[in-house]
Structure formats: C-alpha cells, structure tokens
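Here, residue 1 is the first one in the sequence, and each next residue gets the next number. These numbers were taken from a predicted model, which means no experiment stands behind them.
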Amino acid sequence: MVLVLVDQITIRIQYTFDFIFKDRGMPYELTTSFSDFEARTEVRKLNYSSTAIEKARRIKPSLLLREASIIPVHVDKVKFEGKIDCLAFDGQCDIVASIFYVLTRFEEYNSEKDEHGRFPFESSVLKKHDWIEKAICDRWSKVIIEFIDPDLYIDVTLANTLSNKRPKFVPTFDIDNTYAYKYKSGKRKLLSICRDFLTFDFKRVKERSVTNSGGKDPYDTYDRIDIIAQEFPE
C-alpha cells in the first residue's frame with residue numbers, strides 16, 4: 001500500500017497515479033491531509049506536494065497536474081535523481097507529470113500542425129529524446145516505485161509473477177473502409193462512378209464491374225486476416 005500526499009486531488013493526478021500504481025496491481029491512496037500522512041505508519045509514502053515533510057520521499061510537483069485547462073508550458077529534458085531522463089515543466093523536474101504529458105499526448109494540443117492539420121512526429125518529445133520505442137512511461141513508473149522503496153518494485157514484480165499476470169501483445173487491424181465497392185449504393189455509388197469516368201480511372205471502373213458481378217472486392221482481405229490470426233494465436 002502506498003499513500004501519496006498531494007496538494008489537491010485532481011482528475012489528472014488520479015489518472016496518472018492510477019497508471020503508476022493501479023495498472024501494476026498496487027494499492028494506493030491519495031490524501032491532502034498532512035496529519036493523516038504523517039500519522040500513518042503501516043504504509044509506504046510518497047510526498048507529491050509543494051511542502052517538504054521530514055523523512056518522507058518527495059517528488060516536488062510542477063503545476064501541470066493541478067491545472068484543469070490546457071495551457072502552454074515550457075518543456076525541457078532533465079535527469080531525475082541522476083537515474084533517468086524525464087521532463088521539466090517551466091523549469092521544475094517532474095517525473096510524475098512527465099507520464100501524464102506523454103500518455104495524454106498533451107503536447108499536441110498547443111502545437112503547430114502541418115498542412116493537413118496533423119501533429120508533426122518530428123516535434124514530439126518522444127522523437128526528440130529517442131523515447132519512441134522505450135515504453136518510457138512504464139520505465140518512469142518503475143523508477144518512481146523504486147524511489148519510494150527499492151524493495152517495493154521487487155515485491156510488485158513477484159506478486160504479478162505469482163498471479164500469472166504477464167504483458168500481452170494484442171495485434172489489431174486498422175480498417176478505415178470495409179469495402180471499396182461492395183454494398184455501396186445510391187447517390188454515393190453514382191457519384192463515384194461519374195468521378196472514375198471523368199478522371200479516366202479505368203482501373204477502378206474495372207474493379208467496380210468485377211465486384212458488382214460477384215467478384216471479390218479489392219478491400220476484402222478478411223480471409224487473409226483470419227489466416228494470420230490462426231498462425232499467431234497469441
């Protein structure tokens with residue numbers, strides 16, 4: 001059990017600590033009471049507040065998780081406790097807020113977009129700091145847990161092992177358009193046919209004709225997906 005002292009309990013704080021602790025099967029509790037925090041002796045503690053408390057492990061918070069609105073924030077790369085790179089917000093190193101910032105894609109809300117209104121990958125902190133393939137939020141969570149108590153992460157890992165809790169890889173298929181021509185009718189179909197002729201796209205004209213005559217739609221790859229799923233069941 002981990003007791004976390006915070007200045008106020010916000011949705012952002014709840015969301016972030018759920019990821020750090022709850023998603024790893026660790027019970028935790030948030031409190032804003034200094035007296036309760038100091039009095040509790042049966043739990044491990046983390047002080048994530050603006051006030052220092054003697055003998056309590058503390059991560060000084062930035063303002064990011066206390067805000068309710070999306071405000072511009074200056075972000076730098078810093079090192080937490082000399083162990084791992086994380087983010088500083090307006091000059092304050094905050095590994096907890098770093099998790100929220102990355103998980104929620106917070107940087108995309110106040111960023112410049114490309115000509116298609118998309119967030120440029122090159123502008124992401126994940127790309128800039130070479131974190132894109134490092135499951136960085138899980139790494140930060142591990143460091144936070146070990147910061148509270150070096151033995152705590154070992155206890156959690158052992159408990160998850162005994163309960164057969166394992167990471168699982170779940171492949172998915174992003175299908176934006178189920179079929180190219182099949183089941184398309186009415187005005188939409190008529191306009192598409194007109195466009196194909198006006199643009200001299202005879203390949204599409206032929207594909208549409210084959211599909212409408214009972215042939216296979218070019219987007220119909222579901223039998224192949226079934227084969228792949230059977231070859232790799234896990």
Is there a continuous path of hydrophobic side-chain contacts, each under 4.5 Å between heavy atoms, that joins Phe147 to Val6? yes
Do the side chains of Asp138 and Arg24 get close enough for a salt bridge, i.e. N-O under 4.0 angstrom? yes
Minimum heavy-atom separation for Arg118 and His116, please, with both atom names. NH2-CD2, 3.1 Å
Taking Ser209 for the side chain and Lys206 for the main chain, is one N or O donor matched with an acceptor at less than 3.5 Å? no
So, Asp223 and Lys216, do they make that salt bridge, N to O below 4.0 Å? yes
Listed by chain and number, what are the salt bridge (Lys or Arg N to Asp or Glu O under 4.0 Å) partners of Asp7, not counting sequence neighbours? Arg66
Does Ile71 offer a backbone N or O that forms a donor-acceptor pair with the side chain of Ser69 under 3.5 Å? no
Nearest-0.5 Å distance, CE of residue Met26 to CG of residue Leu152: 3.5 Å
The test is side chain to side chain contact (heavy atoms under 4.5 Å, CB included); show your working for Ser124 and Arg105 and say whether it passes. CA-CA 9 Å; Ser124 172; Arg105 308 302 311 127; 3.5 Å; yes
Applying the 4.5 Å side-chain criterion to the ILVMFWY set and letting contacts propagate, would Ile11 and Val96 be lumped into a single cluster? no
Determine the minimum heavy-atom distance between Leu87 and Val78, stating which atoms define it. C-CG2, 3.9 Å
Provide the full list of side-chain hydrogen bond (donor to acceptor under 3.5 Å, both in side chains) pairs with a residue in residues 92-103, sequence neighbours left out, each pair given once. Tyr48-Asp94, Ser62-Asp94
Minimum heavy-atom separation for Glu108 and Ser111, please, with both atom names. O-OG, 3.2 Å
Interatomic distance, Arg58 atom CZ to Ser50 atom OG [nearest 0.5 angstrom]: 7.0 Å
Closest non-hydrogen atom pair between Arg57 and Lys45, with its separation: CB-O, 4.2 Å
Minimum heavy-atom separation for Pro72 and Asn110, please, with both atom names. N-ND2, 3.6 Å
Is the shortest side-chain N to carboxylate O distance from Glu29 to Arg40 below 4.0 Å? yes
Apply side chain to side chain contact (heavy atoms under 4.5 Å, CB included) to Ile148 and Phe21, showing your working. CA-CA 12 Å; Ile148 298 170; Phe21 298 121; 3.7 Å; yes
What do you reckon, is NZ of Lys113 surrounded by more than 12 foreign heavy atoms closer than 6.0 Å? yes
Taking Tyr15 as the starting point, is it possible to reach Tyr109 by hopping between hydrophobic residues whose side chains are less than 4.5 Å apart? yes
Between OH on residue Tyr179 and OG1 on residue Thr221, distance to nearest 0.5 Å: 9.5 Å
Does Asp114 use its side chain to pair, donor to acceptor, with the backbone of Pro120 at less than 3.5 Å? no
Between atom CD1 of Ile99 and atom CD1 of Ile136, what is the distance when rounded to the nearest 0.5 Å? 9.5 Å
With clusters defined by side-chain heavy atoms of hydrophobic residues (ILVMFWY) lying less than 4.5 Å apart, directly or transitively, does Val102 cluster with Phe121? yes
When clusters are formed from ILVMFWY side-chain contacts under 4.5 Å, directly or step by step, what else is grouped with Leu5? Met1, Leu3, Phe34, Phe37, Val43, Ile53
Would one find more than 12 heavy atoms of other residues, nucleotides or ligands at under 6.0 Å from atom CD of Glu133? no
Hphob cluster co-occupancy, Leu46 + Ile84, side-chain heavy atoms under 4.5 angstrom: yes
Would you compute the distance between atom CD of Glu54 and atom CD of Glu38 and round it to the nearest 0.5 angstrom? 9.0 Å
Yes or no on side chain to side chain contact (heavy atoms under 4.5 Å, CB included) for Val2 and Phe17, after CA distance, side-chain angles and deciding distance? CA-CA 10 Å; Val2 178; Phe17 281 107; over 6 Å; no
Could you measure the distance from the CD1 atom of Ile95 to the CD1 atom of Ile144? Nearest 0.5 Å is fine. 4.5 Å
Do His129 and Asp85 have side-chain heavy atoms sitting under 4.5 Å apart? no
Of the options Trp131, Phe80, Phe100, which is the one that meets Trp140 in a ring-ring contact (aromatic ring centres under 6.0 Å, His included)? Trp131
With side chain to side chain contact (heavy atoms under 4.5 Å, CB included) as the test, would you mind laying out the steps for Leu65 and Phe89 before giving the verdict? CA-CA 11 Å; Leu65 299 191; Phe89 304 94; over 6 Å; no
